[in-house]
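Below is one structure, written out as structure tokens, with a few remarks after it.
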2 protein chains.
Amino acid sequence: MTTGGMNIGEVAKRSGVPAKTIRYYESIGLIRPAERSAAGYRIYGDRELQTLRFIQRARNLGFSVKQVGALLALWQDRARASGDVKAVARRHLDEIDRRMAELQSMRDTLEHLIGRCHGDHRPDCPILADLAGEPAQADGGSGRARVERSGADG
Amino acid sequence: MTTGGMNIGEVAKRSGVPAKTIRYYESIGLIRPAERSAAGYRIYGDRELQTLRFIQRARNLGFSVKQVGALLALWQDRARASGDVKAVARRHLDEIDRRMAELQSMRDTLEHLIGRCHGDHRPDCPILADLAGEPAQADGGSGRARVERSGADG
DNA sequence: AATGGTCCTTCCAGTCACTGGAAGGTCAAG
DNA sequence: CTTGACCTTCCAGTGACTGGAAGGACCATT
């Protein structure tokens with residue numbers, strides 16, 4: 001039993017990509033315009049379902065829609081070089097590492113500050129003191145809020 | 001020597017918040033509208049500079065603009081309870097942990113796949129195979145793309 | 001044939017936190 | 001008096017959707 005002639009709701013359910021998002025992907029050219037029924041309904045077959053599943057998995061790995069477009073093109077290119085795919089993946093891995101390092105740095109500072117805030121009804125608060133730029137109390141590592149923000153500032 | 005009567009460019013340089021962003025913060029009500037010179041130029045004093053530095057540090061710790069607004073209000077409230085500040089910080093820390101776990105999961109899968117891809121001129125590629133939903137080669141952990149995306153699925 | 005409910009269609013607006021750029025006014029120096 | 005750096009406002013775009021309104025289509029039942 002094949003699964004030809006699905007409406008958008010059906011293919012959404014089967015792929016995990018919401019119908020609205022499928023229309024959005026079509027509108028930005030990530031996927032080709034679907035065929036239409038006489039009444040104008042979008043019609044999808046197994047091929048489109050597979051494509052949407054591919055997209056969904058790539059998005060779940062954090063690839064941008066643009067990167068997914070590149071991966072889709074490579075997927076559909078029988079003469080692709082696996083090196084090209086690997087390069088896209090590695091760039092993404094680097095980006096993930098960069099984001100994780102940024103989060104880790106924030107986390108360290110935040111945890112330090114939270115640990116030193118008694119968190120009761122009194123107004124005295126090292127978290128606010130740090131944000132306000134007041135010199136930290138002497139008790140070990142300073143953990144001052146100093147996180148360089150991401151790459152392309154232009 | 002005090003630093004009264006700065007133009008937006010000066011306070012931007014001193015606070016690290018770009019002039020455009022300062023205007024944006026004013027437009028969304030994060031900061032109060034600046035005083036104006038006869039010609040309509042915004043004028044800032046030390047107080048506003050301190051506020052902008054506070055905002056900048058909070059943003060560098062990853063607090064959302066909305067959270068920064070809450071922190072600013074607490075900062076300016078002499079009767080605040082440090083517990084309220086700590087609660088905001090803890091919620092943010094939880095969010096950071098959630099994001100880090102998500103990134104870590106992506107990272108694990110991605111690194112596994114990259115390690116399996118020979119990355120040369122040949123088309124054969126386990127990265128694409130995984131995204132396409134093909135069963136993984138038997139060689140240990142599967143590391144299949146399975147990352148739950150964030151909260152409200154609509 | 002009418003009704004109801006669930007699907008589908010398009011289009012517009014909103015999210016978040018800016019950022020870029022155009023068109024024009026102001027200021028200080030030379 | 002011109003130059004250039006600064007300032008002003010307003011509009012549009014980013015990324016990746018998501019919500020909602022207004023209206024058409026399909027199917028089953030009454």
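Lettering of chains follows the sequences in order, A, B, ..., and the numbering in each one begins at 1.
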Between [X] ([atom1]) and [N] ([atom2]), how many Å, whole number?
X: B:Met6; N: D:dC7; atom1: CE; atom2: C1'; result: 16 Å
X: B:Arg59; N: C:dC18; atom1: CZ; atom2: C1'; result: 9 Å
X: A:Ile8; N: C:dT9; atom1: CD1; atom2: C1'; result: 10 Å

message: How bent is the helix from C:dA1-D:dT30 to C:dG30-D:dC1, measuring the angle between the end axes built from five pairs each, rounded to 10°?
response: 30°
Hey, what are the protein-to-nucleotides 2-4 of chain D N/O distances that come in under 3.5 Å?
none

- prompt: For C:dT26, does OP1 or OP2 lie under 4.0 Å from any side-chain N or O of B:Arg42?
  reply: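 It does not, given that no N or O in the side chain of B:Arg42 lies less than 4.0 Å from OP1 or OP2 of C:dT26.
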query: Would you say a side-chain N or O of A:Arg36 is under 4.0 Å from OP1 or OP2 of C:dT10?
result: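 For A:Arg36, the contact criterion (side-chain N or O under 4.0 Å from OP1 or OP2 of C:dT10) is met.
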Below 4.5 Å, heavy atoms only, C-beta onward: do [X] and [Y] meet side chain to side chain?
X: A:Phe54; Y: B:Leu128; result: yes
X: A:Asp97; Y: B:Arg107; result: yes
X: A:Leu131; Y: B:Leu61; result: yes
X: A:Ile43; Y: A:Met6; result: no
X: A:Ile114; Y: A:Leu110; result: yes
X: A:Arg42; Y: A:Glu35; result: no

message: Regarding B:Arg91 and B:Glu95, does a basic nitrogen lie under 4.0 Å from an acidic carboxylate oxygen?
response: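 Answer for the salt bridge query: no.
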query: Ion pair present between A:Glu26 and A:Arg23, side-chain N to carboxylate O less than 4.0 angstrom?
result: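 Not counted as a salt bridge, because no side-chain N and carboxylate O are separated by less than 4.0 Å.
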- prompt: Going by distance alone, is a donor N or O of one side chain under 3.5 Å from an acceptor N or O of the other, for B:Ser82 and A:Asp124?
  reply: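 No, no side-chain donor-acceptor pair sits under 3.5 Å.
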- request: Please determine, by modelled atom types, if A:Asp46 and A:Gln50 share a side-chain donor-acceptor pair under 3.5 angstrom.
  value: no
task: Using a 4.0 Å heavy-atom cut-off across all strands, classify A:Ser64 as base, sugar-phosphate, or nothing.
output: sugar-phosphate
query: In this structure, which one of A:Val65, A:Thr21, A:Val17 forms a side-chain contact (heavy atoms from CB on, under 4.5 Å) with A:Arg59?
result: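 Per the side-chain contact (heavy atoms from CB on, under 4.5 Å) rule, the option paired with A:Arg59 is A:Val65, out of A:Val65, A:Thr21, A:Val17.
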- prompt: Which of residues 18-33 of chain B sit near DNA chain D, with a heavy atom under 4.0 Å from it?
  reply: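 Of all residues in residues 18-33 of chain B, the ones placing a heavy atom under 4.0 Å from DNA chain D are B:Arg23.
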